[in-house]
Structure formats: structure tokens, C-alpha cells
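Reminder, nothing fancy here: chain letters follow the sequence lines and each chain counts from 1. Predicted, not measured: the structure shown is a model, and the values here were computed from it.
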Amino acid sequence: MSKALPTRSENYSEWYNELVKRADLAENSPVRGCMVIKPYGYSIWEKMQRALDDMFKETGHTNAYFPLFIPKSYLSKEASHVEGFAKECAVVTHYRLKNDPNGKGVVVDPEAKLEEELIVRPTSETVIWSTYKNWIQSYRDLPLLINQWANVVRWEMRTRLFLRTAEFLWQEGHTAHATAQEAVAETKQMLEVYAQFAEEWMAVPVIKGVKTPNERFAGAEDTYCIEAMMQDGKALQAGTSHFLGQNFANAFDVKFQDKEGKLDYVWGTSWGVSTRLMGALIMAHSDDAGLVLPPKLAPIQVVIVPIYRNDEQLAQISEKVAEITKDLKKLGISVKYDSSDNAKPGFKFAEYELKGVPVRLAMGGRDLENGTVEVARRDTKTKETVSVEGIAAYVQNLLNDIQESIYKKALQFREENTYKVDSFEEFNNILDTKGGFILAHWDGTSETEEKIKEETKATIRCIPLNQEAEEGVCIYSGKPSKGRVVFARAY
RNA sequence: CGGGGAGUGGCGCAGUCCGGUAGCGCAUCUGGUUUGGGACCAGAGGGUCGCAGGUUCGAAUCCUGUCUCCCCGACCA
């Protein structure tokens with residue numbers, strides 16, 4: 001393994017790719033566009049899952065599991081839905097292989113062709129709504145609040161580890177309601193859950209907003225989203241929550257009888273976040289030395305490295321460390337003591353920095369004598385020598401401080417890279433020189449949005465929920481506008 | 001699908017132009033010395049050179065075909 005990571009300023013995307021591999025988060029698999037999530041990376045994902053799952057349960061949802069395969073005909077039942085996904089579906093056409101009659105290996109058995117091809121789910125609205133038809137008859141069956149943790153496949157043309165892979169892991173919530181108002185409230189509630197998770201757990205500040213019709217989910221009436229800014233100034237959609245109206249209920253004939261005995265179609269929502277969050281996490285905080293993980297999601301929160309001259313000294317240090325470890329664990333802090341003898345301390349320091357461990361303790365002969373320990377924090381790379389007395393509480397505070405401070409740093413970065421712009425010239429100028437989020441007036445038409453996208457590669461990330469009413473004119477068309485929207489180049 | 005690049009021990013690469021039976025660094029294993037910011041010495045193990053044909057006494061190297069992966073664009077979470 002070579003030593004230095006490419007730097008962010010040198011080549012941001014190479015830095016990202018290398019970091020993902022070197023920090024042992026994930027690697028490419030033999031199949032194009034698919035990834036192997038390695039144990040260290042998966043541990044982070046598990047922590048995300050745990051936190052999110054708790055939040056879903058707290059808001060009344062339960063988990064279920066629907067199948068991987070979807071009959072091809074299902075996908076076409078909702079017109080705009082098939083339109084949106086048809087181009088990136090993996091299709092199962094056969095169910096058997098046989099030995100190649102003319103040589104080695106196996107071939108698809110042509111006699112094992114399926115009557116109806118199966119689609120590997122790109123998302124599960126269709127199977128789920130076809131199932132809901134059987135589950136919902138009365139208003140008493142509503143609301144139906146279900147989530148599933150699953151993998152989905154979208155045959156993307158260009159892929160990048162975590163940010164866009166052909167197969168990815170995610171969570172998809174699918175709810176059914178008796179009224180539009182209730183479904184909209186659910187959509188907004190889950191957006192809040194996502195925003196809260198991003199900010200409190202990932203320490204990534206997000207802008208909550210609504211997508212324009214162009215950027216809407218295929219089959220939705222409205223798509224709400226959270227948008228985060230990465231360190232290269234590009235936007236990353238970190239989560240979406242869709243108000244589906246009665247579209248899928250219509251397509252799959254899901255009706256319920258209300259209190260008055262009237263039949264009506266059910267109102268739906270769906271919402272999801274994926275392993276893409278891993279990409280957001282990495283790009284939001286990490287630096288040229290490697291990952292910087294928020295303590296709440298770090299698989300290892302504290303690593304302890306002994307510095308010793310002989311076995312006897314190591315034994316003394318280990319004894320001291322055992323006490324510290326015990327105290328830390330009592331506070332619910334995860335600790336790793338790395339006393340392996342195949343690497344010198346300096347190597348270990350670099351290694352755990354690469355892996356983003358928030359706090360490192362080093363203890364050597366000097367510390368033994370003085371009753372101290374060296375405490376290093378990953379985010380600022382600062383070190384100090386602290387008394388062993390009360391070290392657990394000290395570390396606990398430090399972890400909280402790191403969590404808060406990386407959030408603030410990311411927020412500050414976003415604010416410094418957000419610009420209010422009133423002319424198309426300035427718009428272009430900022431995109432090409434600085435990047436970041438641009439708050440600008442837009443006339444509300446898809447045509448203008450398309451043209452701006454064609455000319456600048458910037459898209460409307462969202463119409464912010466907290467948009468201030470402000471009279472202005474569209475930077476592109478000059479037509480009147482009532483508020484600013486968020487433009488950016490995006491992942 | 002367009003444009004670039006690459007397939008050689010676990011990883012990163014050299015060797016290919018000019019054919020002669022495979023090498024370097026890292027990692028691994030053994031032994032020893034080390035350990036406050038990426039240690040050193042000595043020894044060892046490990047490769048049908050992406051795949052299939054062809055040319056040749058002889059192919060990682062030349063020819064033909066084929067597969068795959070990576071990067072940059074158009075599609076998307």
C-alpha cells in the first residue's frame with residue numbers, strides 16, 4: 001500500500017475513489033457497477049440502519065419484506081413509472097443452465113425460457129401496491145405504514161462506489177392513507193426524519209425542499225428531498241420522500257370503503273435512503289489524510305495505541321489500558337486496543353486516521369510515569385496530554401464535541417459556498433469558478449430549467465421549504481418569479 | 001453508446017517496439033533487532049502473463065478473434 005492519498009484539490013474524484021478503497025469501505029466486484037461492501041464500511045452502514053430503523057419504528061412503521069422479482073407486466077401499470085425505470089432494468093428471462101454441449105462451462109438452457117420475464121426490482125412500488133390491493137378494504141385498514149430494507153438494481157451506465165452502483169442497499173417506506181392530507185403529512189414527516197438523521201447522526205447539514213416536476217420521482221405527484229453540499233461544491237441528494245397521490249392505487253386498483261360506505265382510491269407515499277448516504281458521509285467531512293467519521297456513526301470511536309520498549313513495559317501499559325477501556329465501555333463508547341506488534345505506532349496512527357477513528361489515545365513509558373495519556377482528535381488533528389484520572393468522561397465530552405464541531409464546519413462550508421445570484425452571467429461565472437449552491441430566481445417553467453441544465457449542467461436541486469417570498473425576475477428568461485430556488489451541479 | 005486507458009504472484013507496476021522460457025516495490029511467512037508519527041537485517045513461499053486460435057524450433061512479446069475492468073461524457077438515488 002502506498003502512503004499518501006491523492007489530495008482533494010489535486011483530483012477530487014480520484015481522492016474519493018482511493019479513499020473508499022484504502023479505508024476498507026468497499027471495493028469493485030467482478031461485475032461491472034457492483035460493489036463489495038467490506039466489513040468496516042458495512043459497520044458504518046449498520047449504524048445508519050440502526051438509527052434510521054429506530055426512527056421509523058418511533059413514527060409508527062413496521063418492517064416487512066417483498067420479493068426481489070417483479071413480473072414485467074407490473075412495471076407498465078403506472079405509465080410514468082415505467083417511463084422512468086424501463087431503461088435501467090435487469091431482466092430475468094431463463095431459469096436454468098446446462099453444460100455447454102460444444103465445450104467447457106455452462107450455457108443458458110434455451111428450453112428454460114420464462115413465460116413472462118421477471119424484472120429485478122429497481123424499486124418496489126409495483127409489487128407492494130399489487131399486494132396492498134389484498135390488504136386494504138376498509139378505512140380501518142388504514143393507514144398502512146410499512147418499510148423494507150432491501151437491495152435494488154438499476155442498470156446505470158456509469159457507476160461510482162456508493163454514489164451510484166448498479167446494485168445498492170436501501171430502505172424504502174411505502175404507506176397507504178385514507179386522505180390526501182394524511183399522505184402529504186406522512187411524506188413531510190419522513191422528510192423531517194431524514195433531515196434529522198442527516199444532521200444529528202451524519203453531521204451533514206441539509207436543505208429540505210421540493211423537486212421541480214422535471215426532477216420528480218417517476219410516478220409521484222410531489223417529491224420532497226434533502227440536499228447536501230459536498231466539499232467540491234457539488235450537491236448530493238441524500239434522501240427523498242414522495243407523495244404518490246392515488247397514482248399507484250389507480251394502477252393496481254387499491255380501493256377502500258370509508259365511514260360513509262363510499263369507495264375511493266387509497267393515497268400513497270414512498271420514501272427512501274440508500275448506501276449513497278455513505279458517499280455523502282465520506283465527502284462531507286473527510287480530508288487529505290483520510291476519513292473523518294462522526295462519532296455517532298464510527299464503528300470504532302476510540303483507538304488506543306501502546307508505545308513500548310519491551311514486553312514488560314507493554315504488560316504495564318496493557319494493564320492501565322484495560323482500566324481505561326472498562327471505563328469507556330461503561331459509558332457506551334466503542335474502543336479498540338491495538339497492541340499488535342507488526343506495525344510501529346507511527347504506522348498505526350496513520351492507519352487509524354485513514355479510517356477516520358474520531359479519537360486516538362496513545363500511552364507510552366512517559367505516560368506511565370506521569371499518569372497521563374496522549375489524546376488526539378481526528379477532525380482537527382490536534383493532540384494533548386491528559387491525566388488518566390477521569391479520562392473516560394473527558395473522552396465522552398470530546399466525542400460530543402467532535403460530533404458537533406464537524407457539523408458546524410460542514411454548515412459553515414455550505415454557507416460560504418452559497419451565493420445569491422441575479423444574473424445569468426454571474427450564475428455561469430460562479431459555477432465555473434467556485435461551484436456551490438446558487439440561490440436564484442426561476443420562472444417556474446420546465447423549458448427554462450432544461451435550457452439552464454443544457455447550458456450549464458446545473459439543475460434545480462429543490463425549491464426550499466423555507467423559501468422566502470421575494471419578488472424578482474428569472475435569471476434566464478427575465479420573467480417574474482416569487483422566490484429563489486437552489487441551483488447546483490449535482491452527483 | 002461515443003472518447004481514452006488497462007488486463008503479468010494478494011496489491012501496485014516493469015518487461016511487449018527488437019520473440020529465447022518472467023522481474024521489481026509493497027504485502028505475506030520464519031528468525032532477530034526495533035517501537036513517542038508510515039522501522040531494519042537475513043532468509044522463504046507465491047505467477048497456465050484475461051481467454052481462444054494462429055505464426056515459429058521457441059510467444060508475456062508477433063498476427064487474428066474475443067471477453068472484462070477502469071476513467072471522461074450523455075441517463076439516474
Find the distance [X]:[atom1] to [N]:[atom2] and express it as a whole number of Å.
{"X": "A/R32", "N": "B/U68", "atom1": "CZ", "atom2": "C1'", "value": "11 Å"}
{"X": "A/R22", "N": "B/C26", "atom1": "CZ", "atom2": "C1'", "value": "12 Å"}
{"X": "A/I317", "N": "B/G36", "atom1": "CD1", "atom2": "P", "value": "12 Å"}
{"X": "A/L354", "N": "B/G37", "atom1": "CG", "atom2": "P", "value": "19 Å"}
{"X": "A/K348", "N": "B/G37", "atom1": "NZ", "atom2": "C1'", "value": "13 Å"}
{"X": "A/L161", "N": "B/C71", "atom1": "CG", "atom2": "P", "value": "8 Å"}
{"X": "A/D341", "N": "B/U30", "atom1": "CG", "atom2": "C1'", "value": "14 Å"}
{"X": "A/Y352", "N": "B/G37", "atom1": "OH", "atom2": "C1'", "value": "15 Å"}

Check A/D24 with A/K355, please: is the shortest side-chain N to carboxylate O separation under 4.0 Å?
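So A/K355 pairs with A/D24 through a salt bridge.
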
Counting distance alone, no hydrogens or angles: does the base of [N] have a donor or acceptor under 3.5 Å from a partner atom on the side chain of [X]?
{"X": "A/E353", "N": "B/G38", "result": "no"}
{"X": "A/K383", "N": "B/G36", "result": "no"}
{"X": "A/R309", "N": "B/G36", "result": "no"}

Does [N] have OP1 or OP2 under 4.0 Å away from a side-chain N or O of [X]?
{"X": "A/N17", "N": "B/C70", "answer": "no"}
{"X": "A/R366", "N": "B/G36", "answer": "no"}
{"X": "A/N28", "N": "B/C69", "answer": "no"}
{"X": "A/K344", "N": "B/G36", "answer": "yes"}

Considering every strand and a 4.0 Å limit on heavy-atom distances, what is the contact class for [X]: base, sugar-phosphate, or nothing?
{"X": "A/E14", "value": "nothing"}
{"X": "A/T240", "value": "nothing"}
{"X": "A/T165", "value": "base"}
{"X": "A/R160", "value": "nothing"}
{"X": "A/G84", "value": "nothing"}
{"X": "A/S13", "value": "sugar-phosphate"}
{"X": "A/F168", "value": "base"}
{"X": "A/L236", "value": "nothing"}

Work out how far the [atom1] atom of [N] is from that of [M], and round it to whole angstrom.
{"N": "B/U56", "M": "B/U66", "atom1": "C1'", "answer": "23 Å"}
{"N": "B/G47", "M": "B/U21", "atom1": "C1'", "answer": "13 Å"}
{"N": "B/C62", "M": "B/G15", "atom1": "P", "answer": "12 Å"}
{"N": "B/G53", "M": "B/G58", "atom1": "P", "answer": "16 Å"}
{"N": "B/A60", "M": "B/A6", "atom1": "C1'", "answer": "15 Å"}
{"N": "B/G65", "M": "B/C24", "atom1": "C1'", "answer": "33 Å"}
{"N": "B/U61", "M": "B/G20", "atom1": "C1'", "answer": "11 Å"}
{"N": "B/C13", "M": "B/G7", "atom1": "C1'", "answer": "12 Å"}

A/E215 or A/G346, whichever maps to the more 5' nucleotide of RNA chain B
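The answer here is A/G346.
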
Pairwise 5' ranking along RNA chain B for A/N310 and A/E167, keeping only the more 5' one:
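Result: A/N310.
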
Checking ring pair (Phe, Tyr, Trp, His ring centres under 6.0 Å) against A/F487, which of A/F427, A/W442, A/F437 comes through?
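Among A/F427, A/W442, A/F437, the one meeting ring pair (Phe, Tyr, Trp, His ring centres under 6.0 Å) with A/F487 is A/F427.
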
Quick check: do [X] and [Y] have side-chain heavy atoms less than 4.5 Å from each other?
{"X": "A/L293", "Y": "A/V357", "value": "no"}
{"X": "A/E215", "Y": "A/T223", "value": "no"}
{"X": "A/I70", "Y": "A/L118", "value": "no"}
{"X": "A/T418", "Y": "A/I438", "value": "no"}

Out of curiosity, A/M230 CE to A/L163 CG, how far, rounded to the nearest 0.5 Å?
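Interatomic distance, A/M230 CE to A/L163 CG, rounded to 0.5 Å: 9.0 Å.
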
At what distance, to the nearest 0.5 angstrom, does CD of A/E125 lie from CZ of A/F248?
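Going from CD on A/E125 over to CZ on A/F248, the span is 5.0 Å.
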
Base paired to [N] (Watson-Crick or G-U; both N/O distances under 3.5 angstrom):
{"N": "B/A39", "answer": "B/U33"}
{"N": "B/C1", "answer": "B/G73"}
{"N": "B/A52", "answer": "B/U64"}
{"N": "B/A27", "answer": "none"}
{"N": "B/G20", "answer": "B/C57"}

Would you call the rings of A/F217 and A/H242 parallel, tilted or perpendicular, where under 30° means parallel and over 60° means perpendicular?
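Rings of A/F217 and A/H242: parallel, as their planes differ by under 30°.
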
Taking the inter-plane angle between the rings of A/W129 and A/Y132 on a 0 to 90° scale, is it parallel (under 30°), tilted (30 to 60°) or perpendicular (over 60°)?
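Ring orientation, 0 to 90° scale: perpendicular.
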
Heteroatom pairs (N/O) under 3.5 angstrom, protein to nucleotides 73-75 of chain B:
from, atom 1, to, atom 2, distance (Å)
B/G73, OP2, A/R158, NH1, 3.0
B/C75, O2, A/E156, OE1, 3.3

What nucleotide among B/G36, B/U35, B/G38 has an atom nearest to a side-chain atom of A/D367?
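Minimum distance to the A/D367 side chain belongs to B/G36.
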
Side-chain donor/acceptor pairs under 3.5 Å, residues 447-455 of chain A, sequence neighbours excluded:
from, atom 1, to, atom 2, distance (Å)
A/T448, OG1, A/D443, OD1, 3.2
A/T448, OG1, A/D443, OD2, 2.6
A/T448, OG1, A/T445, OG1, 2.9
A/E449, OE1, A/T212, OG1, 3.2
A/E449, OE1, A/N214, ND2, 3.1
A/E449, OE2, A/T212, OG1, 2.6
A/E450, OE2, A/N214, ND2, 3.3
A/E455, OE2, A/Y476, OH, 2.5

